[in-house]
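What follows is a short report on a single structure.
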Amino acid sequence: MTPPIRIGLVGVGKIARDQHLPALRGSADFALTALVSHEDHTAMAPTYATLARMLDADPDIEAVSICTPPQVRYGLAAEALARGLHVFLEKPPGATLSEVEALSGQALQTGRTLLASWHSRFAPAVGAARAWLADRQIRRVQIDWREDVRKWHPGQMWIWQAGGLGVFDPGINALSIATSILPHPFFLSEAELRFPSNLDAPVAADLRFHDVTGVEIVAGFDFLQTGPQTWDIRVETDQGQLLLSQGGCVLAIDGQVTTEGAEAEYPGLYKHFAELIRHGQSDVDVAPLRHVADAFLRGRRVVSEPLNNL
Ligand code: NAP
């Protein structure tokens with residue numbers, strides 16, 4: 001049996017606590033060795049204030065997961081690759097496309113693995129949705145990603161700063177699923193982004209795409225949805241309607257649930273990361289981030305009332 005890969009984790013925030021740390025504890029592929037944090041978590045693992053201090057103290061660390069906000073991802077990832085580590089990037093993989101491309105080149109040059117992770121692609125019904133759509137004629141796609149930012153992201157002001165993506169922080173998850181299950185490439189035709197007057201990132205977006213065969217794909221992203229929360233992708237085809245709901249956890253065909261599974265995205269992601277490392281490969285698909293960049297390039301901007309109590 002190969003020994004577990006010694007891994008450090010940078011940024012002990014919500015996603016690290018909710019998903020990364022439990023997934024790493026349950027993984028036979030990795031041994032969580034150290035943390036980088038502004039806070040002290042020595043009860044969990046030796047904790048260092050910076051990545052450099054962690055690597056100076058423990059030069060045998062082989063890989064790192066970067067779980068910070070996207071605005072600081074590039075510097076950390078570049079430093080880790082330069083120190084010879086394999087790098088797992090939380091989504092989105094960077095604040096710009098160019099910095100992700102630079103990291104990709106650096107990983108290739110250093111012979112290390114770079115994973116631009118898209119956790120929603122590992123939701124339990126996504127593979128079944130992709131398989132069902134593969135040999136059907138698609139007529140229309142409707143994506144609804146509507147959640148209450150105050151419930152899911154309280155106090156996370158980085159989301160509202162430039163590079164934080166605003167409503168595209170969850171919306172990019174929908175785009176990561178759509179780019180993985182729809183059989184043809186698609187591109188943005190028009191968009192309207194709503195920016196609160198006091199913030200640098202949008203709170204809502206209406207997007208219209210077309211695929212290369214002319215099929216329309218519409219998406220509504222809303223960060224102020226109270227009541228029922230919606231993470232749905234509906235696809236009309238020549239042989240019935242597919243509904244992928246709950247962020248990829250449940251698949252129904254013509255109203256009948258056909259696939260439903262317990263959420264296990266991060267164990268799947270870490271298994272994938274381990275396999276990439278063992279095969280000397282990287283996985284850096286920027287398609288979801290490119291669609292977001294296109295929305296910022298191509299979309300109309302509407303300024304709405306200020307948003308407070310976030
Ligand atoms: P968060 O709760 O705000 O945690 C981010 C952590 O990053 C902070 O606790 C801090 O860790 C560290 N950090 C380093 N530089 C920072 C800076 N300039 N500003 C703020 N924090 C900084 O955020 P999160 O929800 O975990 O999200 C982190 C990333 O994971 C984002 O890219 C997000 O899109 C992605 N993600 C989040 C979720 C979710 O449900 N929340 C789901 C999937 C993916 P220390 O205090 O330890 O230094």
Side-chain angles (χ1 to χ4, degrees), residues 8-24 32 34-54 64-80 87-96 99-100 103 115-123 126 145-177 200-202 221 223 225 229 231 246-249 263-270 272-273 286 288-289 291-292 310:
L9 181 145
V10 185
V12 188
K14 180 166 170 31
I15 197 60
R17 292 169 206 263
D18 289 357
Q19 299 291 346
H20 288 259
L21 295 173
L24 285 169
L32 177 68
L35 301 166
V36 176
S37 178
H38 297 100
E39 287 174 25
D40 183 20
H41 303 285
T42 36
M44 269 191 287
T47 308
Y48 302 91
T50 66
L51 180 62
R53 281 193 206 165
M54 177 179 84
V64 72
S65 271
I66 301 184
C67 304
T68 65
Q71 293 98 328
V72 296
R73 190 119 55 229
Y74 172 78
L76 291 161
E79 184 182 350
V87 175
F88 178 126
L89 301 170
E90 243 308 343
K91 51 80 22 179
T96 69
E99 66 185 36
V100 182
L103 289 177
L115 171 60
S117 72
W118 299 110
H119 63 87
S120 294
R121 288 182 176 174
F122 286 76
V126 168
W145 229 251
R146 300 174 193 278
E147 65 178 58
D148 183 352
V149 68
R150 292 185 174 96
K151 176 178 162 78
W152 301 103
H153 302 279
Q156 294 186 339
M157 287 315 292
W158 58 263
I159 286 187
W160 301 109
Q161 291 158 5
L165 301 193
V167 76
F168 288 97
D169 176 74
I172 201 169
N173 298 332
L175 294 169
S176 76
I177 297 177
D200 288 329
F221 299 161
F223 235 164
Q225 167 100 345
Q229 307 286 286
W231 299 284
Q246 295 178 36
C249 286
E263 200 260 286
E265 297 174 2
Y266 282 77
L269 268 176
Y270 275 103
H272 181 48
F273 187 39
V286 295
L289 185 60
H291 285 304
V292 173
L310 291 164

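Note that these values count all heavy atoms, side chains included, but never hydrogens, waters or copies made by symmetry. Counting starts at 1 for both ligands and their atoms, following the listed order. For reference, positions follow the sequence shown, starting with 1. Remember, it's a predicted structure, so these values are computed and weren't measured experimentally.
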To the nearest 0.5 Å, what is the distance between CH2 (W145) and CD (Q225)?
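Rounded to the nearest 0.5 Å, the CH2-CD separation comes to 13.0 Å.
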
When rounded to the nearest 0.5 angstrom, what distance separates NE2 in H38 from OG1 in T50?
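Separation between the atoms: 10.0 Å.
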
More than 12 non-hydrogen atoms from neighbouring residues, nucleotides or ligands closer than 6.0 Å to CZ on R53, yes or no?
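Counting neighbours around CZ of R53, 12 or fewer heavy atoms of other residues, nucleotides or ligands fall under 6.0 Å, so no.
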
Quick one: does [X]'s side chain have a donor or acceptor within less than 3.5 Å of a partner on [Y]'s backbone?
| X | Y | answer |
| --- | --- | --- |
| K91 | P70 | no |
| Q229 | D148 | yes |
| Q71 | A95 | no |
| Q161 | G163 | no |
| R73 | P92 | yes |

Apply the test side chain to side chain contact (heavy atoms under 4.5 Å, CB included) to residues V36 and L76: give CA-CA distance (whole Å), side-chain angles for both, the deciding distance (0.1 Å), then the verdict.
CA-CA 11 Å; V36 176; L76 291 161; 5.9 Å; no

For ligand 1, which atoms sit closer than 4.0 Å to a heavy atom of [X]?
| X | result |
| --- | --- |
| D169 | 33 (C), 34 (O) |
| G11 | 7 (O), 11 (O), 12 (C), 47 (O) |
| K14 | 1 (P), 2 (O), 4 (O), 25 (O), 26 (O), 41 (N) |
| P69 | 5 (C), 7 (O), 13 (N), 16 (C), 19 (N), 20 (C), 21 (N), 22 (C) |
| P70 | 32 (O) |

Starting from [atom], locate the nearest protein heavy atom and write down its residue, its atom name and how far away it is, to 0.1 Å.
| atom | answer |
| --- | --- |
| atom 38 (C) of ligand 1 | I15 CD1, 3.5 Å |
| atom 45 (P) of ligand 1 | S37 OG, 3.4 Å |
| atom 28 (C) of ligand 1 | C67 O, 3.3 Å |
| atom 24 (P) of ligand 1 | Q156 NE2, 3.7 Å |
| atom 15 (N) of ligand 1 | V72 CG2, 3.8 Å |
| atom 48 (O) of ligand 1 | H38 ND1, 2.5 Å |
| atom 4 (O) of ligand 1 | G13 CA, 3.2 Å |
| atom 31 (C) of ligand 1 | W158 CH2, 3.5 Å |

Side chains of [X] and [Y]: do they bring a donor and an acceptor to under 3.5 Å?
| X | Y | answer |
| --- | --- | --- |
| H20 | E90 | yes |
| S117 | Y266 | no |
| E147 | W231 | yes |

Which part of [X] is near ligand 1, with near meaning a heavy atom under 4.0 Å away: side chain, backbone, both or neither?
| X | answer |
| --- | --- |
| E90 | side chain |
| H119 | side chain |
| Y266 | side chain |
| R73 | side chain |

Out of T68, V10, I66, who is nearest to atom 14 (C) of ligand 1 when you count heavy atoms only?
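Considering heavy atoms of T68, V10, I66, the nearest to atom 14 (C) of ligand 1 sits in T68.
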
Out of Q161, E39, K91, indicate the one that has the non-hydrogen atom closest to atom 33 (C) of ligand 1.
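Comparing heavy atoms across Q161, E39, K91, the nearest one to atom 33 (C) of ligand 1 lies in K91.
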
In this structure, does ligand 1 have an atom that sits under 4.0 Å from one of the heavy atoms of P92?
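Contact present.
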
Taking the non-hydrogen atoms of R17, is any one of them nearer than 4.0 angstrom to ligand 1?
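It does not; every heavy atom stays at 4.0 Å or beyond.
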
Carefully, step by step, assess Y270 and S65 under the rule side chain to side chain donor-acceptor pair (under 3.5 Å).
CA-CA 10 Å; Y270 275 103; S65 271; 2.6 Å; yes

